[in-house]
Each structure stands twice: as C-alpha cells, then as structure tokens.
Amino acid sequence: EALQLCGSRLVELGAGSALPSVVAACCGSRVVATDRAAGARYLRMHLEANAAAVRERGGPAVQQAALSFGSEEDAARLRGAALFGEQGSL
C-alpha cells in the first residue's frame with residue numbers, strides 16, 4: 001500500500017538534515033521540521049538549500065521549529081501551530 005503524502009500534515013522530530021521533510025513537502029505535505037535549538041542553524045541551512053526543489057514541485061515551504069524533548073512549552077507551541085489548522089506561530 002502506498003503512503004499518501006499529498007495534503008498530509010507532518011512533524012519531523014530531530015530533523016537534522018531534514019531529508020524526510022523535504023521529500024514529504026515535494027509530495028505536497030505541510031511539514032514542520034523540528035530539532036534542538038542547538039541544531040537550528042544546520043537545519044535552516046538544509047531547508048534553504050532545498051527550498052527551490054520543493055517550490056519547483058509545487059510543494060509548500062517546510063516550516064522550522066525548535067523542539068526540546070520533554071519541553072511542555074515547545075510541545076504546546078507545536079500543538080497550536082498553523083500546521084494543525086489553528087492560528088499560531090512557530
């Protein structure tokens with residue numbers, strides 16, 4: 001059975017290079033790539049390097065968010081994010 005990504009809403013935990021996020025966005029998913037705050041620069045670099053490929057395929061831009069595992073504040077911010085159909089910011 002094929003995985004249907006078009007129109008999906010996904011969160012990648014510990015994204016690092018964000019390859020799964022980029023592929024999912026190229027397939028039409030709305031994605032938030034998360035990593036620790038210490039990895040934010042590295043994650044942003046990879047997302048920017050792949051942004052044109054996502055656009056060329058008609059996918060939405062991958063959003064980025066810092067997420068510290070175990071942080072209720074970070075989890076609450078993700079739950080309220082626009083990705084999940086509510087107004088909010090990452």
Side-chain angles (χ1 to χ4, degrees):
E1 182 176 322
L3 179 63
Q4 297 296 318
L5 293 176
C6 187
S8 301
R9 295 176 180 165
L10 306 171
V11 175
E12 182 180 1
L13 303 174
S17 64
L19 181 59
S21 291
V22 170
V23 171
C26 285
C27 293
S29 294
R30 293 174 57 197
V31 183
V32 174
T34 69
D35 212 331
R36 298 173 302 134
R41 182 171 167 248
Y42 180 72
L43 177 57
R44 184 173 29 262
M45 179 181 69
H46 283 278
L47 293 176
E48 289 173 357
N50 289 288
V54 173
R55 277 192 308 274
E56 287 171 6
R57 288 162 180 79
V62 176
Q63 296 180 51
Q64 177 182 351
L67 179 64
S68 298
F69 295 103
S71 167
E72 287 298 321
E73 182 180 315
D74 287 353
R77 191 176 63 249
L78 279 177
R79 282 192 296 272
L83 173 75
F84 298 106
E86 300 176 16
Q87 293 299 320
S89 62
L90 300 172

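When a residue number appears, it is its place in the shown sequence, counting from 1. Here the structure is a predicted model, which is why all the values come from computation and not from measurement.
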Undergrad: Who passes side chain to side chain contact (heavy atoms under 4.5 Å, CB included) against L5, sequence neighbours left out?
TA: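 For L5 the side chain to side chain contact (heavy atoms under 4.5 Å, CB included) partners, ignoring immediate neighbours, are L3, L10, A24, C27, S29.
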Undergrad: Can you list every pair that meets side-chain hydrogen bond (donor to acceptor under 3.5 Å, both in side chains) and has a residue in residues 38-54, with sequence neighbours left out?
TA: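 Sorted result for residues 38-54: Y42-H46.
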Undergrad: Do side-chain atoms of S8 reach the backbone of Q4 as a donor and acceptor pair under 3.5 angstrom?
TA: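 Such a contact is found between S8 side chain and Q4 backbone.
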Undergrad: Would you sort out whether L47 and V22 count as a side chain to side chain contact (heavy atoms under 4.5 Å, CB included), showing the intermediate values?
TA: CA-CA 7 Å; L47 293 176; V22 170; 4.3 Å; yes
Undergrad: Can you tell me if D35 uses its side chain to pair, donor with acceptor, with the backbone of G16 under 3.5 Å?
TA: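 Here the side-chain-to-backbone pair exists.
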Undergrad: Return the SG to CZ distance between C6 and R30, rounded to the nearest 0.5 Å.
TA: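 Result: 12.0 Å between the selected atoms.
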Undergrad: Looking at V31 and A25, what are the two nearest heavy atoms and their distance?
TA: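 Nearest heavy atoms, V31 then A25: CG2-N, 4.0 Å.
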Undergrad: Hey, does the side chain of Q64 reach the backbone of A33 with a donor-acceptor pair shorter than 3.5 angstrom?
TA: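 Checked: no pair found.
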Undergrad: Testing D74, L13, L43 one by one against T34 for a side-chain contact (heavy atoms from CB on, under 4.5 Å), which residue passes?
TA: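 Exactly one candidate clears the test, L13.
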Undergrad: Enumerate, atom names and distances included, each donor-acceptor pair closer than 3.5 Å involving a side-chain atom of residues 52-60, sequence neighbours excluded.
TA:
residue	atom	partner	partner atom	Å
R57	NH1	A53	O	3.0

